[in-house]
2 protein chains.
Amino acid sequence: MKSDRSAGKVTLADVGRVANVSAITVSRALRKPEMVSPKLRQRIEEVVAELGYVPDPVARALASDRTDVIGVLIPSVTNSVFADVLRGIYSGVEGSPFSVQFGNTRYSVLEEERLLRVFLSQRPAGLIVSGIDQSETSRTLLTQARCPVVQIMEMGPAPVDMMVGFSHCDAAYDATRHLIANGYRRIAFFGARMDPRTQRRLEGYLRAVKEAGLFDEGLLITTPRASTVELGCQLLSDLLARTQAVDAIFCNNDDLALGVLFECQRRRIAVPDDIGLCGFNDLEMMAVANPPVTSVRTFRQEMGRRAVEMVLARVAGKDVPQPVVDLGYELMARQSTRGQERMRRGA
Amino acid sequence: MKSDRSAGKVTLADVGRVANVSAITVSRALRKPEMVSPKLRQRIEEVVAELGYVPDPVARALASDRTDVIGVLIPSVTNSVFADVLRGIYSGVEGSPFSVQFGNTRYSVLEEERLLRVFLSQRPAGLIVSGIDQSETSRTLLTQARCPVVQIMEMGPAPVDMMVGFSHCDAAYDATRHLIANGYRRIAFFGARMDPRTQRRLEGYLRAVKEAGLFDEGLLITTPRASTVELGCQLLSDLLARTQAVDAIFCNNDDLALGVLFECQRRRIAVPDDIGLCGFNDLEMMAVANPPVTSVRTFRQEMGRRAVEMVLARVAGKDVPQPVVDLGYELMARQSTRGQERMRRGA
DNA sequence: CATACAAATGTTAGCGCTGTCATTTGTCAA
DNA sequence: TTGACAAATGACAGCGCTAACATTTGTATG
């Protein structure tokens, strides 16, 4: 039996036998070296190396009722915004014994609920979830989770536990104000995949144009489709087919903005003179496009890294002095909006 | 004791107690329903629902010596190419009880080795690794892995187990041939992050230009830096500072190509008339850029999905009729190379 | 040198589940 | 009805590890 299952698997007991100590001492030597005398510790380490012992995380999890896995729920794997957050999360766990398990909610609240249950059944060391629009059930699950929880991407009034994000609404408001300040009056909004964050950007846009008395429903172009560069081209075509009275476009994200830029180039619409263009997220390419495109820089990697740091601190028993962190954003004003200024808000 | 640890946790035994059967019967009702009488099965299912029982994957893993986790090793999380592969992998496991655990090797063979050991210690149901350039040690680990293994992204002569990919070398060869066929003679190669796949693309390029007697070392621009759009701009500037005798550029990937395109626009270099431009991967935006950019389409999502399918088939005990799959590629000839044709190779 | 106490190590009993084998129940032919 | 056999269910042990408690060893003190 044993011979078959554990084919060659070295256990704590094996190490103990060779080193002439009990299994638990080996366990301690590995996890809490200071509890074992230096002499023994060294002998054990030698045997571990010699035998090529690798701790079994599954057994450890069962015995100690905890894992070293941080569960992360994000709505999309492909969206480059989340890819950046992931990178941040990875850099955060790097060098620690923790690993990361992702769940893709695909922008579905129900899928989020389901994944949450799955994750929670695995005794995560911590949980990182996207946004603040969980279902009632999800919130309950998170509240009762016996591990630290971080909500990322947004700020909101009632954090489940900890939170790192920024205000999409304020960011969009500032971007729109920037367009207005630079002389644009007929400012369109392009929004794809109207998820909660996009909705809040729309809110910010609306607040700004309404305040300035520039609101026109005809300038609102939204679609449930996922945003792509091609969609940006299309939305511009759609808009222009409807009206020529547009002098700026605030895009819900940089993919759309890039599409708009290409389409403007094709149609020989001068950016920023005929049309001002502003994106969101400040993807790397925006700064080197032709012309460089104004965008709202968000700190996506930082968000991931901070979230992990908070989880790790809590797991280590430290308390987190600032459990709610507003990372802010930065308006990168560039040529596409006749931009010179550069302002910062939040955090 | 118990009360504290398992706070509210419902176990198989709990379900069994309420349903008046033994724990093992509940286990069977859940895993192999056909082994339990319909009547009992129904009663058990009711109790499971009533109590909100969720199986504990950790305990199951320890007892059965296997998990439902597929380990995936990729060299980068941010690179959009791998993001697409991930999406494919996700769509592959969707609806199955399997989940995915990623490891980021950051293009390091040693990190790959380390992660491999970690993953293997967790009894994965299967392993998906990127490329064919594992270290000797890694190959040994993979060979001895007691689970199916799929190498993705590339084709190679000696698969560890299964393989899904395409020939980067052939793809680059065809792309370069296309440039030559369309009248370009001074064809530069831009390569960033010279990982094995980039190296093979370079090989393909070299084969084509040498065959045509068009090789010039001065047209080879490579850098270990990660590729970005900005880097594309820079490499073009560098090249032009060195020589004006260039009439086409084959970029190692689409990020670089996009940078080159923007820089050409800025410098009023006409694409495709002054300079032909070809990318690699056919990111969505290439088709709608201005002008649309020729690129080599690769089937990244498909690669991920197929890899998962192969693992699942093997886990289910089926045998995989075609354990080595060449997915091929497709040259998307567009305006940036005066392209009309559209050819296919591989698979 | 006995005492007290801390440090170091060991013993025991599971964690929740599943593999294996044993037992019970049901079914059918003779 | 009985026996033979399959189907359904159960008992038991153990996966590899760690928490909690128990014991031993070392060390300082009077």
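The figures that follow rest on heavy atoms only: side chains count, while hydrogens, waters and symmetry mates do not. What you see is a predicted model, and the numbers here were worked out from it, not measured in a lab.
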A:D14 CG to D:dC15 C1', straight-line distance once rounded to whole Å: 13 Å
Length of the CZ-P vector between A:R41 and C:dA8, whole Å: 9 Å
Relative orientation of the end axes in the helix from C:dC1-D:dG30 to C:dA30-D:dT1, expressed as an angle to the nearest 10° (five pairs per end): 40°
Phosphate contact (C:dG19 OP1 or OP2) by B:R31 side-chain N/O below 4.0 Å: yes
Base-contact (B) and sugar-phosphate-only (S) positions in nucleotides 6-12 of chain D, heavy-atom cut-off under 4.0 Å, - elsewhere: --SBBB-
Between C:dC17 (C1') and B:K9 (NZ): distance, integer Å: 11 Å
Electrostatic pair B:E136-B:R139, nearest N-O below 4.0 angstrom: no
Under the side chain to side chain contact (heavy atoms under 4.5 Å, CB included) test, residues paired with A:R43 that sit two or more places apart: A:A19, A:N20, A:V21, A:L40
Electrostatic pair B:R193-B:D195, nearest N-O below 4.0 angstrom: no
Under 3.5 Å: donor-acceptor pair, side chain of A:T11, backbone of A:D14: yes
Distance in angstrom units between A:K39 NZ and D:dG26 C1', rounded: 12 Å
Carboxylate-amine/guanidinium contact A:D56 B:R123, below 4.0 Å: yes
N-O pairing of A:D319 and A:R314 below 4.0 Å: no
Side-chain N or O of A:S27 closer than 4.0 Å to phosphate OP1/OP2 of D:dT18: yes
A:E46 atom CD, over 12 foreign heavy atoms within 6.0 Å: yes
Residues A:R60, A:D65: salt bridge by 4.0 Å N-O rule: no
Any donor-acceptor pair under 3.5 Å from A:S130 side chain to A:L73 backbone: yes
Integer-rounded Å distance: C:dG16 P and A:L62 CG: 7 Å
Along DNA chain D (nearest heavy atom to each residue), the more 5'-positioned of A:A59 and A:R66: A:A59
Nucleotide nearest A:R123 when distance is taken to its side chain, options D:dT18, D:dC17, C:dG16: C:dG16
Side chain of B:L12 (C-beta onward), nearest among D:dT18, C:dC17, C:dC15: C:dC17
